[in-house]
Amino acid sequence: MTEIAARLEAAGKEYKTGESTIVALQPTTTEFRKGEITLIVGPSGSGKTTLLSLLGGVIYPTMGKVWVGDTRVNDLPERELAHLRLRQIGFVFQGFNLLAPLNALENVMHPLLLQGVSRRDARKQAMELVRTFGMEERIHNLPRNLSGGQQQRIAIARSLITDPQLILCDEPTASLDHNSARMVMEMLSQLSLDNRAVIVVTHDVRLKKYADRTIYVSEGMISDNAIEEEF
């Protein structure tokens, strides 16, 4: 049976603004398995990013439970939650979020350095990973000197350097042309085959063919079915 990488049990999120309550995500029960790439789709403001943030331990649920592997996120203080994010979850963003003063290789090394790995060992591991992405000739380039596709490859490499089993992607192809988007999604698909759970929030209809599963979010509610026009 395929191992579960993350799951929600009646988990939801609400925000208080004065006397009003905004429901960002209705109580939701679902799970995400290793070996699968899951798309999360829906209109802007539907709750997609809230769902991703709960899975990534960026926010706590207002109700219910969130699990990453065997760890219940609700029970963790902020310090341990940050530790969980660093070691068990990889993040890939639309804007790449590379550190501007660091070159490509240094960006990939950075999470290991935060873990206390020696600079020598971090560099060795980062170089091995960069080679698998065909970026070894760009290791000394600053992010501003890389194309969008190259930046995203480095960002994905950085997300993998700690060997996480859960990869969360927020609109990873939105800033890319067709060829770069295809390359990125092929990489993410390969990662899911390497016994990882890859979860992608997107508006990009080009990505449906890569998904093992698509879930839809509308007005804070999640479903495995949706009217195609909403996508």
Side-chain angles (χ1 to χ4, degrees), residues 1-8 30-42 48-49 51-56 68-69 85 87-98 104 107-108 111 125-136 138 146-217 222-226 228 231:
M1 186 174 179
T2 308
E3 188 177 352
I4 296 173
R7 57 193 169 98
L8 281 70
T30 190
E31 60 190 32
F32 301 89
R33 296 182 178 275
K34 295 180 181 180
E36 293 183 350
I37 182 166
T38 302
L39 295 191
I40 301 175
V41 302
K48 303 188 304 299
T49 299
L51 174 57
L52 203 69
S53 297
L54 286 172
L55 291 168
V68 175
R85 290 194 298 266
R87 293 186 177 274
Q88 296 190 38
I89 305 171
F91 295 90
V92 181
F93 303 95
Q94 174 182 349
F96 317 127
N97 283 24
L98 299 178
N107 266 282
V108 178
Q125 292 182 52
M127 273 303 304
E128 291 175 356
L129 194 53
V130 164
R131 287 193 186 100
T132 67
F133 283 85
M135 290 292 292
E136 60 269 31
R138 299 288 185 179
L146 298 172
S147 69
Q150 290 169 341
Q151 289 189 64
Q152 197 61 292
R153 276 188 276 172
I154 291 297
I156 294 173
R158 180 183 60 184
S159 77
L160 293 175
I161 195 67
T162 59
D163 194 29
Q165 299 305 297
L166 180 62
I167 308 294
L168 304 179
C169 309
D170 191 1
E171 299 282 3
T173 61
S175 302
L176 305 180
D177 60 31
H178 177 76
N179 288 335
S180 296
R182 175 181 54 79
M183 182 179 296
V184 164
M185 287 308 300
E186 287 174 355
M187 289 177 179
L188 293 175
S189 295
Q190 188 59 45
L191 295 179
S192 70
L193 295 176
D194 191 27
N195 202 33
R196 305 176 196 270
V198 179
I199 303 173
V200 181
V201 164
T202 187
H203 286 96
D204 194 341
V205 296
R206 299 175 296 181
L207 308 192
K208 290 187 73 175
K209 63 183 178 182
Y210 297 99
D212 297 294
R213 177 190 179 204
T214 300
I215 61 177
Y216 300 84
V217 186
I222 290 177
S223 172
D224 285 320
N225 303 294
E228 286 295 320
F231 188 46

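- Paired with L52 under the rule side chain to side chain contact (heavy atoms under 4.5 Å, CB included), one option of V200, V201, V217 passes, and it is V201.
- Judged by distance alone, the side chain of R196 and the main-chain N or O of P164 form a donor-acceptor pair under 3.5 Å.
- Of all heavy-atom pairs between C169 and V198, the closest is SG-CG1, 4.3 Å.
- For F91 against S159, the heavy-atom pair with the smallest separation is O-CB, 3.6 Å.
- Between R158 and N97, some side-chain heavy-atom pair lies under the 4.5 Å cut-off.
- Between V41 and L207, the closest side-chain pair of non-hydrogen atoms is not below 4.5 Å.
- Minimum heavy-atom separation, R138 to A104: O-CB, 3.4 Å.
- Contact annotation: the side chain of T162 never approaches that of R87 to less than 4.5 Å [non-hydrogen atoms, C-beta and beyond].
- Nearest approach of A181 to L176, heavy atoms of both residues: N-CB, 3.9 Å.
- For the pair R213 and D224, the minimum side-chain heavy-atom distance is below 4.5 Å.
- Here F96 contributes atom CZ and N107 contributes atom CG; the two are 12.5 Å apart, rounded to the nearest 0.5 Å.
- A distance of 9.0 Å separates CG in L166 from CD in Q88, rounded to the nearest 0.5 Å.
- Side-chain N or O atoms of Q150 include none that pairs as donor or acceptor with a backbone N or O of M135 at under 3.5 Å.
- The distance from the CD1 atom of I199 to the CD1 atom of I215 is 7.5 Å, given to the nearest 0.5 Å.
- Across S180 and D177, no two heavy atoms sit closer than the pair N-OD1, 2.8 Å.
- Under the 4.5 Å side-chain criterion, counting only non-hydrogen atoms from C-beta, V92 is not in contact with V184.
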**Asked** Would L146 and R153 satisfy side chain to side chain contact (heavy atoms under 4.5 Å, CB included), going step by step from the backbone distance to the final call?
**Response** CA-CA 10 Å; L146 298 172; R153 276 188 276 172; over 6 Å; no
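- Separating the CG atom in L55 from the CD1 atom in I89 is a distance of 8.0 Å, to the nearest 0.5 Å.
- Of the possible donor and acceptor atoms, one in the side chain of K48 sits under 3.5 Å from a partner among the backbone N and O of G42.
- Using modelled atom types, one side-chain atom of D212 and one backbone atom of I37 make a donor-acceptor pair closer than 3.5 Å.
- With rounding to the nearest 0.5 angstrom, the CD1 atom of I167 is 13.5 Å from the CE atom of M187.
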**Prompt:** How far apart are the C-alpha atoms of Y210 and L188, what are their side-chain angles, what is the distance that settles it, and do they pass the side chain to side chain contact (heavy atoms under 4.5 Å, CB included) test?
**Reply:** CA-CA 9 Å; Y210 297 99; L188 293 175; over 6 Å; no
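- Listed here is the closest heavy atom pair of A211 and L39: CB-CG, 3.6 Å.
- Taken to the nearest 0.5 Å, the CD atom of Q152 stands 12.5 Å off from the CE atom of M183.
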